[in-house]
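One structure below.
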Amino acid sequence: MRLSAFGITAALVAASLFAATARAAEPNWPPSLIIATASPGGTYHAYGAALAQLLTRALGLPVAERITEGPTENIKLIESGEVQIGFVTMGVALHGWDGTGDWTHGQRFQSIRALFPMYDTPFTFVVPKDSPIQSLAGMAGKRIGVGPGGGTSGIYMPQFLAALKIQAELVHGTWDEMAAQLQAGKLDALAAAVGAPFPALAALDAQKAVRFVPLSESEIVTLRLAMPELAASVIPAGAYPSLLRHYRTVGLYNFAVASKDIPNDLAYAIVDAVFANREALVQAHPAAAATVRSNFSQNGFLPYHPGALRYYSNLATRGTLHGD
């Protein structure tokens, strides 16, 4: 089902109930909110900490970040009711919605609803600067750090290697741990699916300690054929100090999602607050430059929360949805 089926362009009564500035929480809102993010050293963690501060000010209720293993755990936490908001890559969200991911054990996780687009997640491969590895094929038989087991890299990297017919040992941990192990010579490479630049890699690159390993055109085609949810992605030159040319790869889009059970007016207020105060997110992490209203179309299957849908529909009615 495409996004238009959810009525994005339907004419709805204009809503002016929520201001972009701080306000008192409504009586029907929960006393607090928790945002499930990911491990320290990754983009989700930096973005989520800033979002929690932004929403605390804008909504008039305490909003806290919960560090997790990433999208799979975030989806499970929303399903169980332990958190109200979480970050996901759309590929993992699709696996959870359909119950097709190995981590789902056949269960369909359908309590999540889309709130707003965050940014693209490119898959990035790096090795120590003095490594003899020059290609992905050269990673065969090596130890590759892929971050938390429940993160996007941890979920997708076994599929990547299988599609490319590469056998390697995958190592899990927080991104801060992965970076430290690469620097100490305990890992041969990092394979990361995170918004660029992500803190752990940026710190290594600032020390001139790593080199980016490119994907060939045939490898990109192979991966996209094996996993149709992947899209072409580019890390622009300059995103990291040593990245002098555009890094062409594959990626997945990230979305903030919420429990279907949060009140509609709260979901509306969250989305409104994010776009009204987006600069605070950009200051926390450059990837938030892609947190713009027009990127709502990067979601083609997950139902929007009715409150979020109302927000986008109001903009569409006024003809300002693409006026970022």
Side-chain angles (χ1 to χ4, degrees), residues 33-52 63-112 115 118-119 121-125 143-161 168-182 186-187 189-196 198-201 227 229 251-259 285 287 302:
L33 294 173
I34 301 175
I35 305 171
T37 61
S39 73
T43 307
Y44 274 10
H45 176 54
Y47 191 110
L51 179 62
V63 181
E65 177 199 9
R66 176 164 171 173
I67 294 172
T68 71
E69 287 206 339
T72 60
E73 185 178 0
N74 298 348
I75 290 170
K76 292 176 180 179
L77 288 170
I78 289 176
E79 190 79 19
S80 68
E82 293 182 56
V83 305
Q84 297 76 42
I85 303 171
F87 298 161
V88 300
T89 46
M90 296 309 284
V92 176
L94 178 61
H95 299 163
W97 187 265
D98 290 341
T100 55
D102 291 342
W103 59 273
T104 68
H105 302 291
Q107 179 180 348
R108 302 181 73 183
F109 292 85
Q110 297 193 341
S111 291
I112 57 173
L115 284 178
M118 294 169 61
Y119 52 84
T121 283
F123 285 82
T124 312
F125 298 84
R143 287 171 54 84
I144 304 174
V146 296
T152 301
S153 308
I155 295 297
Y156 269 88
M157 207 46 56
Q159 300 176 58
F160 271 43
L161 297 184
E169 179 183 352
L170 302 184
V171 181
H172 299 98
T174 71
W175 283 117
D176 282 345
E177 292 169 346
M178 297 289 94
Q181 289 183 37
L182 185 76
K186 296 179 180 179
L187 292 175
L190 295 183
V194 288
F198 86 97
L201 178 54
M227 290 153 274
E229 66 269 27
L252 294 162
Y253 224 82
N254 296 273
F255 263 73
V257 297
S259 167
H285 197 284
L302 187 64

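Computed from a predicted model, the values in this text were never measured in an experiment. Heavy atoms only: backbone and side chains are in, while hydrogens, waters and symmetry mates are out. Sequential numbering from 1 along the given sequence is applied to the chain's residues.
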Passes side-chain contact (heavy atoms from CB on, under 4.5 Å), Ile144 versus Phe125? Steps please. CA-CA 9 Å; Ile144 304 174; Phe125 298 84; 5.9 Å; no

Between Asn74 (side chain only) and Thr37 (backbone N and O only), is there a donor and an acceptor less than 3.5 Å apart? yes

Closest non-hydrogen atom pair between Pro148 and Ser39, with its separation: CG-OG, 3.6 Å

Qualifying residues under side chain to side chain donor-acceptor pair (under 3.5 Å), relative to Ser80, sequence neighbours excluded: Glu82

Side chain to side chain donor-acceptor pair (under 3.5 Å) partners for Thr72, two or more places apart: none

Does the Thr121 side chain pair with the main chain of Val194, one donor and one acceptor, at a distance under 3.5 Å? no

Distance in Å, Ile67 CD1 paired with Ile35 CD1, rounded so as to fall on 0.5 Å steps: 12.5 Å

Kindly give the heavy-atom pair with the smallest separation between Leu190 and Leu187, and that separation in Å. CD2-CD1, 3.9 Å

Using the test side chain to side chain donor-acceptor pair (under 3.5 Å), find all partners of Thr152 that sit at least two apart in sequence or belong to another chain. Thr89

Side chains of Leu94 and Asp98: closer than 4.5 Å at any heavy-atom pair? yes

Return yes if some donor-acceptor pair links the side-chain N/O of Glu229 with the main-chain N/O of Gly91 below 3.5 Å, else return no. no

For Ile112 and Trp97, what are the C-alpha separation, side-chain angles and deciding distance, and is it a side-chain contact (heavy atoms from CB on, under 4.5 Å)? CA-CA 8 Å; Ile112 57 173; Trp97 187 265; 4.3 Å; yes

Please lay out, stage by stage, how Tyr156 and His95 fare under the test ring pair (Phe, Tyr, Trp, His ring centres under 6.0 Å). CA-CA 11 Å; Tyr156 269 88; His95 299 163; 5.6 Å; yes

Considering all heavy atoms of both residues, which atom of Gly195 and which atom of Pro122 are nearest to each other, and what is their separation? CA-CD, 4.3 Å

Ring centroid separation Phe87 to Phe255 under 6.0 Å: no

Determine, stepwise, if the pair Val92 / Ile75 fulfils side-chain contact (heavy atoms from CB on, under 4.5 Å). CA-CA 9 Å; Val92 176; Ile75 290 170; 4.1 Å; yes

Side chain proximity check, Leu115 to Val257, heavy atoms < 4.5 angstrom: no

When rounded to the nearest 0.5 angstrom, what is the spacing between CG in Leu170 and CG in Leu161? 5.5 Å

May I have the list of side-chain donor-acceptor pairs in residues 171-182 shorter than 3.5 Å, sequence neighbours left out?
{"residue": "Thr174", "atom": "OG1", "partner": "Glu177", "partner atom": "N", "Å": "3.1"}
{"residue": "Glu177", "atom": "OE1", "partner": "Thr174", "partner atom": "N", "Å": "2.9"}

Checking side-chain hydrogen bond (donor to acceptor under 3.5 Å, both in side chains) for the pair Tyr47/Asn254: CA distance, chi angles, key distance, verdict? CA-CA 12 Å; Tyr47 191 110; Asn254 296 273; over 6 Å; no

For Gln84 and Ser259, does a side-chain donor sit closer than 3.5 Å to a side-chain acceptor? no

Tell me whether the centres of the aromatic rings in His45 and Phe198 are closer together than 6.0 Å. no

Residue pair Ala193 / Ser153: nearest heavy atoms and the distance that separates them: N-OG, 2.5 Å

Okay, side chain of Arg66, backbone of Ile34: is any donor-acceptor separation there less than 3.5 Å? no

Nearest non-hydrogen partners of Val88 and Ala93, listed with the distance: CG2-CB, 4.0 Å

Locate the shortest heavy-atom distance separating Glu79 from Arg108; write the atom from each residue and the value. OE2-O, 4.3 Å

Residues forming a ring-ring contact (aromatic ring centres under 6.0 Å, His included) with Tyr253, sequence neighbours excluded: none

Start with the C-alpha distance between Tyr119 and His285, add both sets of side-chain angles, then the distance that settles side-chain contact (heavy atoms from CB on, under 4.5 Å), and finish with yes or no. CA-CA 11 Å; Tyr119 52 84; His285 197 284; over 6 Å; no

Can you list the residues that meet the side chain to side chain donor-acceptor pair (under 3.5 Å) rule with Arg143, with sequence neighbours excluded? Glu169

